[in-house]
Asks: 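Have a look at this one.
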Number of protein chains: 2
Amino acid sequence: MNSTGSISQENYLKAIFKLQNEHGIASNQAIAEKLAATPAAVTGMLRKLTELEWVEHTAYQGAVLTPKGKQIATSTIRKHRLWEVFLVEKLQFKWDAVHQWAEELEHIGDADFTERLDAFLGCPATDPHGDPIPDANGDWAGNERVILADVLACNQEFTVRGVSNSASDFLRHLDALNIQLGKQFSVVEHFPFDGSWEWKDESGVNVRVSREVASQLLVELNRPQMSSKSQ
Amino acid sequence: MNSTGSISQENYLKAIFKLQNEHGIASNQAIAEKLAATPAAVTGMLRKLTELEWVEHTAYQGAVLTPKGKQIATSTIRKHRLWEVFLVEKLQFKWDAVHQWAEELEHIGDADFTERLDAFLGCPATDPHGDPIPDANGDWAGNERVILADVLACNQEFTVRGVSNSASDFLRHLDALNIQLGKQFSVVEHFPFDGSWEWKDESGVNVRVSREVASQLLVELNRPQMSSKSQ
DNA sequence: ATAATTTTTTAATCTTGCCTAAACAATAGC
DNA sequence: GCTATTGTTTAGGCAAGATTAAAAAATTAT
C-alpha cells in the first residue's frame, strides 16, 4: 500500500494532482510549466509513470492519476505541509522562506516517519499559508470553508484564512501590510475604479489593499454580527 | 566560505574525512567499501573532487581533504548528528532507527538552517550514540574523554558514553541488555577465557557483557571513589 | 630481482532525467 | 474542407553517477 517514487517522480505526481484538481486532466504543457521542464521531458516521464501504473496517460490528451498515484501525491503534499509547519513553528522561519526547504524535505521518510512528525507538531490542520494538510489517508478536510475575497460586502467582517499564492514577494508584502492568517478585518470601502479595498482590523487600524493582493487572499466570512446600534 | 556539493559528493567527503582520521589517508578501496560502490566509481569521483579542490588525490596513493573539503565534510556530519538528535528526542525514534533518515536529511539546508535546528535542539553536544557534534566552525569538543572498555580494572566504576558501532542489531542488543548512554556501572568480574565481563548497575542489577559488546562501547572512567571500608 | 598478488585506473556501457530540434497530431480560422 | 497554429511526441544527445571487464601500477613474496 505504501510504495514511493524517486524525487523527480514524486514531483510529477504532485504537479499532476494539482492540475487535475483544477482542470480535470493534466496537459503535457501545464505539467512542463509547473516543473520548469520541457514538454518533451514530460512525455518521457509520463511513459514511466504509466508503466508504474501511477498515472493513466492518453497520447495527445493528458494525464490522470490512478488511486496509487494519488496516494503518493497526497502523501508528498502532506509531508511538504507538515515540514512547513515545523520550519515556521519550531525553527522560527518566516513564512515566505519555508517552501524551498519543504520542497526537499517532502521526499524523505516513510509513513511511520510522517505520522511521528504529525504527532510532534500536534496534528496541525493547515500549513503556514493556510493550505489544508491532508490526513494519513490522503483525505482533505475543510478545504471548502475558504472563499474568494471578491464577494465581500460593505461592513462585512471576515477572517483571513489562506493565500492562493505562496511566492516570497507576495508573502513579504502581506507582512508589510500587517496581514496575517487568522486576523480579522471588516470592510470599510471598496473602490471599483481599481478594485482596491479599505479594511479595518480589530484594533481599528485601517489598511488599503490592492485588487492584486485581495484577489490572492482566501477568507472566511464571519457569521454576521449584530452591530451595536441595530440591536 | 559556505558552498556545498551534490549528495553524492558530500557522501564521498564524509567517507574520506572519517578514513583520513583513522588512517591519515583514504585509500580508494576503503572509500569504495564505505560507500558500497566499486573502486572504479571512486576513481571517477576523486577526479571531480580534485577539480573542485575539495580533495588532493595522488594516483595510486589515496585522497586527503583540503580545508574546503574538510569544511563541507564536518558540516555534513554536524547536520547528520543534529538530525539524529531531533529524530530521537522530538520524534521518539529508537536510537537504532535514526541513521537511515539522518543520512538523507543531512544533505538539506544551508548554514542558517543548521543553526536554527541546533538552537531548537538546545545545542546538543553529542548525538544519540554519544558521538560529538562538531560546532558551526567544524571544531570538535570533548572527543578525547571517551576510552575503550579494555582498560577497566575490577571494582572500577564507569559511565557508558558512546558506541563505536551504530549498526541497528548492535544497538538493539544493547537495549536488550538494558545498557543506555549515561548509565553507570561497576566491574564485578572479567573473564579472560572469552573476554566477557560481569558488571553491576547502580541499582545493583548484574549484567553479563560479551567481549564483542564491550569492545564497541566507549566509556568514561569515574573518578575513583573511596569505598566505604577503605575510608 | 623477478614473479605473484593486490590495488588502482582506464575503457566501454548503463540508467535517470533532462535538453534541442524535427516530425507528427489536433485544433482553429477562413 | 484546407491551411495555420498550437501542442505532443520522437530522435539524438548530454551530464552525473554507477557498473563490469581488462590493463597498468604498486606491493608482497620468494
Side-chain angles (χ1 to χ4, degrees), chain A residues 3-20 22-65 69 72-73 76 103-104 106-108, chain B residues 3-16 19-20 22-65 69 72-73 76 103-104 106-108:
Chain A
S3 60
T4 177
S6 71
I7 291 176
S8 187
Q9 288 166 354
E10 288 182 359
N11 285 335
Y12 272 86
L13 294 177
K14 254 197 331 174
I16 295 166
F17 179 83
K18 289 173 181 171
L19 291 167
Q20 198 179 327
E22 277 181 63
H23 309 117
I25 197 167
S27 80
N28 207 306
Q29 193 165 241
I31 298 169
E33 194 171 332
K34 202 157 253 218
L35 297 174
T38 59
V42 177
T43 299
M45 182 57 94
L46 288 184
R47 191 192 318 291
K48 208 160 302 172
L49 295 175
T50 301
E51 272 168 34
L52 288 164
E53 301 190 304
W54 293 344
V55 311
E56 273 165 34
H57 178 233
T58 322
Y60 292 97
Q61 297 293 116
V64 167
L65 296 180
I72 297 174
T76 306
E103 209 53 31
E104 302 184 41
E106 70 186 4
H107 304 293
I108 293 179
Chain B
S3 59
T4 178
S6 71
I7 291 176
S8 187
Q9 288 166 353
E10 288 182 0
N11 285 334
Y12 273 87
L13 293 176
K14 253 196 334 174
I16 296 166
L19 291 167
Q20 197 180 328
E22 276 181 64
H23 311 117
I25 196 167
S27 80
N28 206 308
Q29 194 165 241
I31 298 170
E33 194 171 333
K34 203 157 253 221
L35 297 174
T38 59
V42 177
T43 299
M45 182 58 95
L46 287 184
R47 192 192 319 289
K48 206 159 304 172
L49 295 175
T50 301
E51 272 168 35
L52 288 164
E53 301 190 303
W54 293 344
V55 312
E56 274 166 33
H57 178 233
T58 323
Y60 291 98
Q61 298 291 116
V64 166
L65 295 181
I72 298 173
T76 306
E103 206 57 27
E104 302 185 40
E106 70 187 2
H107 303 293
I108 292 179

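Chain letters run A, B, ... following the sequence lines, proteins first, then strands; residues in each count from 1.
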Asks: Roughly how far, to the nearest 0.5 Å, is CD of B:E10 from CD of B:E106?
Replies: 7.0 Å
Asks: How would you label the contact of B:A37 with the nucleic acid (heavy atoms, under 4.0 Å): base, sugar-phosphate, or nothing?
Replies: sugar-phosphate
Asks: For chain A and DNA chain D, what are the first and last nucleotides along the strand, 5' to 3', with at least one atom under 4.0 angstrom from a heavy atom of the protein chain?
Replies: D:dG7 to D:dT10
Asks: What pairs with A:T38 under side-chain hydrogen bond (donor to acceptor under 3.5 Å, both in side chains), at least two apart in sequence or on another chain?
Replies: none
Asks: Quick one: are A:I16 and A:L46 in side-chain contact, heavy atoms under 4.5 Å?
Replies: yes
Asks: Quick one, give me the B/S/- string for nucleotides 8-17 of chain C, reading 5' to 3', where B means a protein heavy atom under 4.0 Å from the base and S means that only happens at the primed atoms, P, OP1 or OP2.
Replies: BBB------S
Asks: Do B:I25 and B:Q20 come within less than 4.5 Å of each other through their side chains, counting heavy atoms only?
Replies: no
Asks: Tell me, do A:Q9 and A:L52 make a side-chain contact under 4.5 Å, heavy atoms counted?
Replies: yes
Asks: Does the side chain of B:T76 come within less than 4.5 Å of B:L13's, by heavy atoms?
Replies: no
Asks: Crowded around A:E33 CD? As in, over 12 foreign heavy atoms under 6.0 Å?
Replies: no
Asks: Do B:W54 and B:L65 come close enough that some side-chain heavy atom pair is under 4.5 Å?
Replies: no
